[in-house]
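Numbering of ligands and ligand atoms starts at 1, following listing order.
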Amino acid sequence: MTRPVYVHDLDGLASHAQFIRAALPRRVELLYAVKANPDPGVLQTLAPIVDGFETASRGELRRMAEALPGRPPAAYAGPGKTDEDLAAALSARVDRIHVESPAELRRLGALAAAAGTPAQVLLRVNLPVDTPGVHLVMGGGPSPFGMNPEDAVQCAARPPAGIEVRGVHAHLASGLDAPLAGAVAAAVVRWSVTNVGAEEVDIGGGMAVDYADPTARFDWVSYGRALNDVLDAHPGLRLRVEPGRSVTAYCGAYVVEVVDVKRSHGEWFVVVAGGTHHLRTPAAKGHSQPFTVHRRRGADGPHSDGGPVTIVGQLCTPKDVLSRSATAGPIGVGDIVVFAMAGAYAWNISHRDFLLHEPPEFRTGDPLRVASQWAARPHQS
Ligand SMILES: Cc1ncc(COP(=O)(O)O)c(C=O)c1O
């Protein structure tokens with residue numbers, strides 16, 4: 001039994017990111033949210049294409065320094081920053097620190113004043129975004145993220161010593177389609193310029209990724225047009241976006257071997273040598289991960305009847321489900337399953353030590369090629 005493999009298609013990632021960059025107005029700064037996938041190869045592939053990187057922990061700062069020495073992150077964000085986190089962001093010369101509360105702003109001000117260089121700050125605001133004609137229930141409710149609009153107005157008007165407030169950061173939701181994301185951008189910018197006098201706005205990430213349709217993509221071209229309109233209305237504005245999932249989801253695949261196939265009370269189950277401790281995305285989001293199957297040379301063991309199967313992993317929990325009731329033709333022991341769209345919030349958010357199973361290997365290249373080479377090796381159980 002071979003260990004599972006994560007395969008990153010870095011050429012595919014580069015062309016996808018180049019497409020995104022070309023679809024957005026040149027004046028929009030495209031940051032990549034490192035939290036989606038901090039793999040060094042991913043960061044190095046994106047480095048010449050994006051304008052910068054958004055980080056949200058000291059671990060991500062360290063990863064950036066190792067993978068891209070000499071390139072300070074463009075942003076440092078996240079709730080619950082300790083003084084150590086803030087000091088690390090200052091000494092890493094992060095371009096903008098996104099501050100989540102008035103208390104955090106005071107602590108950052110004290111650290112920056114002691115260091116003798118003012119911190120350049122965006123205030124993260126939890127805005128009740130009102131977009132005419134769009135039914136949007138987001139922001140404006142209780143949340144650990146960001147500060148209330150009235151607190152942001154006060155912080156911008158009277159910043160503590162050591163702080164220069166440059167503008168606003170608002171990451172309000174995930175799964176926005178292009179019309180909604182464009183409407184949110186316009187509303188956030190309008191509020192920020194009017195109420196805080198913002199010179200800069202970072203409108204976050206959250207562009208939709210549809211796991212039910214691996215061929216679908218966020219409409220970057222129409223989003224780019226919407227951002228162009230925003231920039232036309234605010235000619236001096238510095239505008240940033242920081243997508244994660246929609247950039248890297250498509251470049252990763254998790255490739256595993258089927259170890260057992262069985263029928264349980266009328267339903268087919270396929271057990272793979274791996275699971276949600278490697279690929280947590282389907283458990284975290286409650287979806288079925290899209291997959292393809294490579295029939296195994298010489299595999300003559302049990303197989304399903306071609307009807308719907310539920311694909312599970314090796315963990316002792318009924319929650320270890322990678323795909324539920326999907327139809328993919330007969331699947332047999334020894335076959336290779338390629339889970340697509342595993343390039344964002346996948347290995348890096350997984351409970352990887354569950355049952356102390358071995359970790360997957362990591363390779364670069366074409367996942368389907370890896371799977372077919374694997375499938376060509378004779379099966380041995
Ligand atoms: C502040 C912030 N920016 C950007 C992102 C990236 O979002 P996404 O991966 O949905 O594009 C996140 C995700 O949680 C976030 O919290």
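Ionic pairing of D85 and R58 is present here: one or more N-O contacts between side-chain nitrogen and carboxylate oxygen are shorter than 4.0 angstrom. Salt-bridge formation is not detected for the pair D95/R166: no Lys NZ or Arg NE/NH1/NH2 atom is positioned less than 4.0 Å from an Asp or Glu carboxylate oxygen.
Evaluation of the side-chain contact (heavy atoms from CB on, under 4.5 Å) rule for P118 yields Q120, E164 as partners, not counting sequence neighbours. Remark: R363 pairs with E361 by the side-chain hydrogen bond (donor to acceptor under 3.5 Å, both in side chains) rule, at least two apart or across chains. Applying the ring pair (Phe, Tyr, Trp, His ring centres under 6.0 Å) rule to Y250 yields the partners H16; only residues at least two apart in sequence or on another chain are considered.
Applying the 6.0 Å contact sphere to CZ of R21 captures more than 12 heavy atoms from other residues, nucleotides or ligands.
At a 4.0 Å heavy-atom cut-off, the residues surrounding ligand 1 are A33, K35, E54, R124, H169, H171, S174, G205, G206, E242, P243, G244, R245, Y345, listed by chain and number.
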